[in-house]
Amino acid sequence: MNNVDELAVNTLRFLAVDAIEKAKSGHPGLPLGAAPMAYVLWSRFLKHNPANPEWFNRDRFVLSAGHGSMLLYGLLYLFGYGLSLDDLKNFRQWGSKTPGHPEYGHTPGVETTTGPLGQGFANAVGMALAEKRLGAEFNREGYPVIDHFTYCLAGDGCMMEGITYEAASLAGHLKLGKLVCLYDDNKITIDGSTDLTFTEDVEKRFMACGWQVLKVEDGNDLELISSALEKAGQENSRPSLIMVKTEIGFGCPQKQGKSEVHGAPVGEEEAKRAKEKLNWPGESNFYVPAEVEELFQDYSASLQQQEKEWQDLMKAYKSDYPDLSARFHSWVNGEIPEELEKELARMSFEDSPATRAASGQIMQAVARYLPNLVGGSADLNASAKTYLKGMEIFQSENPAGNNIYFGVREHAMGGILSGIALHGGLRPFGSTFLVFCDYMKPAIRLAALMKLGVIYVFSHDSIAVGEDGPTHQPVEQIPNLRSIPNLTVLRPADAIETAYAWLSVINNREGPSALILSRQGLPQLAATGEGSLKGGYIVRGEDKNVADIMLIASGSELHLALEAQVKLKEKGIEARVVSMMSIELFMRQSKEYRESVIPLDIKKRLIIEAALPQGWEQFAGDEGQIIALDDFGASAPGKVMLEKMGFTVDNVVNKALNLLA
């Protein structure tokens, strides 16, 4: 390590130490140990442009071990991504650009939100997959317009998480050769040595998954790290894991190699001792030597040239391949043809299809207009109806396919979908049975936090699943999903509402969407349609000015409300029927619209949904009731299940009469 490199590495180390000391909170262990590998990657290999963090053909860097955020913030500051020294001094404070864990969309240069371990690793797999798919679409001889790497820095905790193994397995199968993971192999977690719980052979595990595994025995040797990264970059047919032996909290005389340095400030005295040991000015906080400032300015200036060369390539590409160039910009900009809305509005369906079947038919139309729609299911294409016909299967030997086979890996699927969305240029969807969305919850939550336009297609939406029993019958999943901020949940009642649900989902780029679809066939209802774009709307109104009662239902229960309304009318009772396809969409409408659909002066309200009742209280009011579930289901035919659980027209009518009594 020459003198200026050593100064640069130690600058990263002590910017982290000082910020964490000032905040009295944070994780100094990883930045102290992993600074050398991060410095080598960013200064010698990473293709990026601090002047334009959104440059499309940049390499992606994912800090999967997000607790080491101050290492990333130090890099972003030194390379000139717009962070100031004051931003570092405000680490973990209110309104700061340097939150406790990296947040996508909050800090320039942060590629994804990380912290929950393993999520970033799966995101990185998704980014590498997207690069491979887009390269197959747009690259031509002499024009490698999509040609970049995805780098990930992961720790022991990431390696323990199941999502990492799921994602690594798929990445190896797909031979994502431009995916490189730096493993901060320090063998320490919060509770102590990894020997307490984690003695497996990570090298053999990744080799078994089809990865190239390289080892760096000294995490402070910049040339060994550089050599490993060079070798990883030359491997085209396998992703690479670089196991870098480090010491957590390197430089701290009393805490180096100990778990206590993982997640707490080292302390003022230990910080002084560390600076003394590494020949750093002991009394200087947030110190950046002049030669380090100059070094990183030179790096940043040279990096801008890389994007300029790519922009020149794109100009020539546009001249030689104008149609491809136009398609590239359309995909990257997320353009949606106006004709798609007209196509969905005029679609016709077979009698009484399940909404999962209607969705499958709709997806074929969507894919014709949005050829960058990519995704698949967790081994459930046949049941969820999510296979895109004529779009081929994405495999290592055929990366031009749009159908991704995720295998039985729901959690990894969720993280990979987010990575595809973060990369840009593709619109990802993933599917499984609704009850199994529990396996995906952490990934869904992070997608919602990042406001990614991921589409989740969840079929088999209620106790009507039937004979498979309570293990497969979702009860709490719908209210659980509705509780996630920024996630739009849509439960269409018939094929027409399903078409409009898809239209809404496609146009939603402010967060992920979850389509909740039935296994059983549902009747096509009169008057459903465009109103569902507002989430809730009147499907059938009353004949007189004010209804006696309001029936509000979602999805497969809407037809019960409509049939009950007819029977109530025969008894001289006026009922308004409201379809609530999406509570989130409805709550985004104006107060005037919401009150026109659910007026305050209609006090008697009956809500019907085959799920737990949580979330419906806001619509029931003081005088309303909810027909819902209060327990798990059972194994029986779907129709029997619905009858036994009270989801019948007669029960709706009786509940309404009791409410009015």
Side-chain angles (χ1 to χ4, degrees), residues 355 433-435 437-438 458-466 469-484 487 489-493 497 514-520 522 535-536 539 549-565 568 575-587 597-598 602-636 638-660:
T355 51
F433 290 171
L434 176 59
V435 75
C437 76
D438 291 341
F458 296 134
S459 72
H460 294 54
D461 74 337
S462 73
I463 55 173
V465 167
T471 60
H472 284 54
Q473 293 168 1
V475 172
E476 74 277 19
Q477 282 73 20
I478 294 176
N480 188 314
L481 290 171
R482 287 182 180 140
S483 73
I484 302 174
L487 176 65
V489 180
L490 307 98
R491 188 172 185 242
E497 277 200 357
L515 285 162
I516 312 297
L517 306 171
S518 74
R519 178 196 186 192
Q520 76 275 25
L522 298 176
V539 180
I549 190 170
M550 189 182 317
L551 307 178
I552 305 172
S554 83
S556 54
E557 288 71 68
L558 182 61
H559 77 93
L560 299 178
L562 287 167
E563 292 174 41
Q565 192 254 11
L568 289 169
R576 171 179 293 193
V577 178
V578 171
S579 171
M580 190 63 70
M581 185 183 76
S582 173
I583 292 175
E584 294 80 15
L585 287 177
F586 183 68
M587 296 307 294
V597 176
I598 304 178
I602 304 180
K603 304 290 186 182
K604 305 297 184 181
R605 304 171 184 178
L606 187 60
I607 295 168
I608 314 149
E609 185 176 69
L612 292 182
Q614 282 86 350
W616 285 111
E617 299 87 350
Q618 61 183 315
F619 300 109
D622 295 336
E623 299 182 35
Q625 290 185 7
I626 305 170
I627 299 176
L629 297 169
D630 61 3
D631 200 352
F632 296 106
S635 182
K639 289 183 179 180
V640 174
M641 284 298 307
L642 292 169
E643 180 181 346
K644 295 293 185 182
M645 294 291 190
F647 292 94
T648 65
V649 175
D650 287 343
N651 189 46
V652 174
V653 170
N654 290 334
K655 292 283 187 182
L657 293 174
N658 291 337
L659 199 56
L660 291 166

- Message: Working note: Leu558 + Glu497, criterion side-chain contact (heavy atoms from CB on, under 4.5 Å); need CA distance, chi angles, decisive distance, verdict.
- Response: CA-CA 11 Å; Leu558 182 61; Glu497 277 200 357; 4.2 Å; yes

Would you mind writing out the side-chain donor-acceptor pairs for residues 640-657 within the sub-3.5 Å range, not counting sequence neighbours?
residue: Thr648; atom: OG1; partner: Asn651; partner atom: N; Å: 3.1
residue: Asp650; atom: OD1; partner: Lys567; partner atom: NZ; Å: 3.3
residue: Asn651; atom: ND2; partner: Gly646; partner atom: O; Å: 2.7
residue: Asn654; atom: ND2; partner: Asp650; partner atom: O; Å: 3.2

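- Note that CD1 of Ile602 and CD1 of Ile552 are 9.0 Å apart. Values are rounded to the nearest 0.5 Å.
- In this structure, the side chain of Arg605 does not engage the main chain of Met550 through any donor-acceptor pair within 3.5 Å.
- In terms of heavy atoms, Glu623 sits closest to Leu659 at O-CD1, 3.4 Å.
- The distance from atom CG of Leu434 to atom CG of Asp461, rounded to the nearest 0.5 Å, is 6.5 Å.
- In terms of heavy-atom proximity, Gln477 sits nearest to Cys437 at CG-SG, 3.7 Å.
- Relative ring orientation between Phe433 and His460 is described as parallel, the plane-to-plane angle staying below 30° on a 0-90° scale split at 30° and 60°.
- Scanning all heavy atoms of the two residues, the minimum distance from Gln473 to Ala634 falls at NE2-O, 2.7 Å.
- Annotation for Asn480 and Ser483: closest pair O-OG, 2.5 Å, computed over non-hydrogen atoms.
- Checking side-chain atoms of Glu617 against main-chain N and O of Gly615 turns up a donor-acceptor pair under 3.5 Å.
- If you take CG on Leu515 and CE on Met581, they are separated by 8.0 Å, rounding to the nearest 0.5 Å.
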- Using the side-chain contact (heavy atoms from CB on, under 4.5 Å) rule, take Ile627 and Glu557 through it: C-alpha gap first, then chi angles, then the decisive distance, then the call. CA-CA 10 Å; Ile627 299 176; Glu557 288 71 68; over 6 Å; no

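- When the side-chain hydrogen bond (donor to acceptor under 3.5 Å, both in side chains) test is applied to Glu609, the partners found at least two apart in sequence or on another chain are Arg482, Ser554, Trp616.
- With Pro474 as the partner, the side chain to side chain contact (heavy atoms under 4.5 Å, CB included) test is satisfied by one option alone out of Leu481, Val435, Leu629: Val435.
- In plain terms, the two heavy atoms of Leu522 and Ala493 that are nearest each other are CD1-O, 3.4 Å.
- Residues passing the side chain to side chain contact (heavy atoms under 4.5 Å, CB included) test with Ala561, sequence neighbours excluded: Leu551, Ala553, Val577, Ile608.
- Enclosure of atom CG in Asp630 is not indicated, since only 12 or fewer non-hydrogen atoms of other residues, nucleotides or ligands lie within 6.0 angstrom.
- Ala611 approaches Pro479 most closely through the heavy-atom pair CB-CD, 4.2 Å.
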- Can you check side chain to side chain donor-acceptor pair (under 3.5 Å) on Thr355 and Arg491, steps first, answer last? CA-CA 9 Å; Thr355 51; Arg491 188 172 185 242; over 6 Å; no

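- With values rounded to the nearest 0.5 angstrom, Thr471 atom OG1 is found 10.5 Å from Phe632 atom CZ.
- Using a distance-only test at 3.5 Å, with no hydrogens or angles considered, a donor-acceptor pair links the side chain of Glu584 to the main chain of Val489.
- Atom CD1 of Ile516 and atom OG of Ser582 lie 10.0 Å apart (nearest 0.5 Å).
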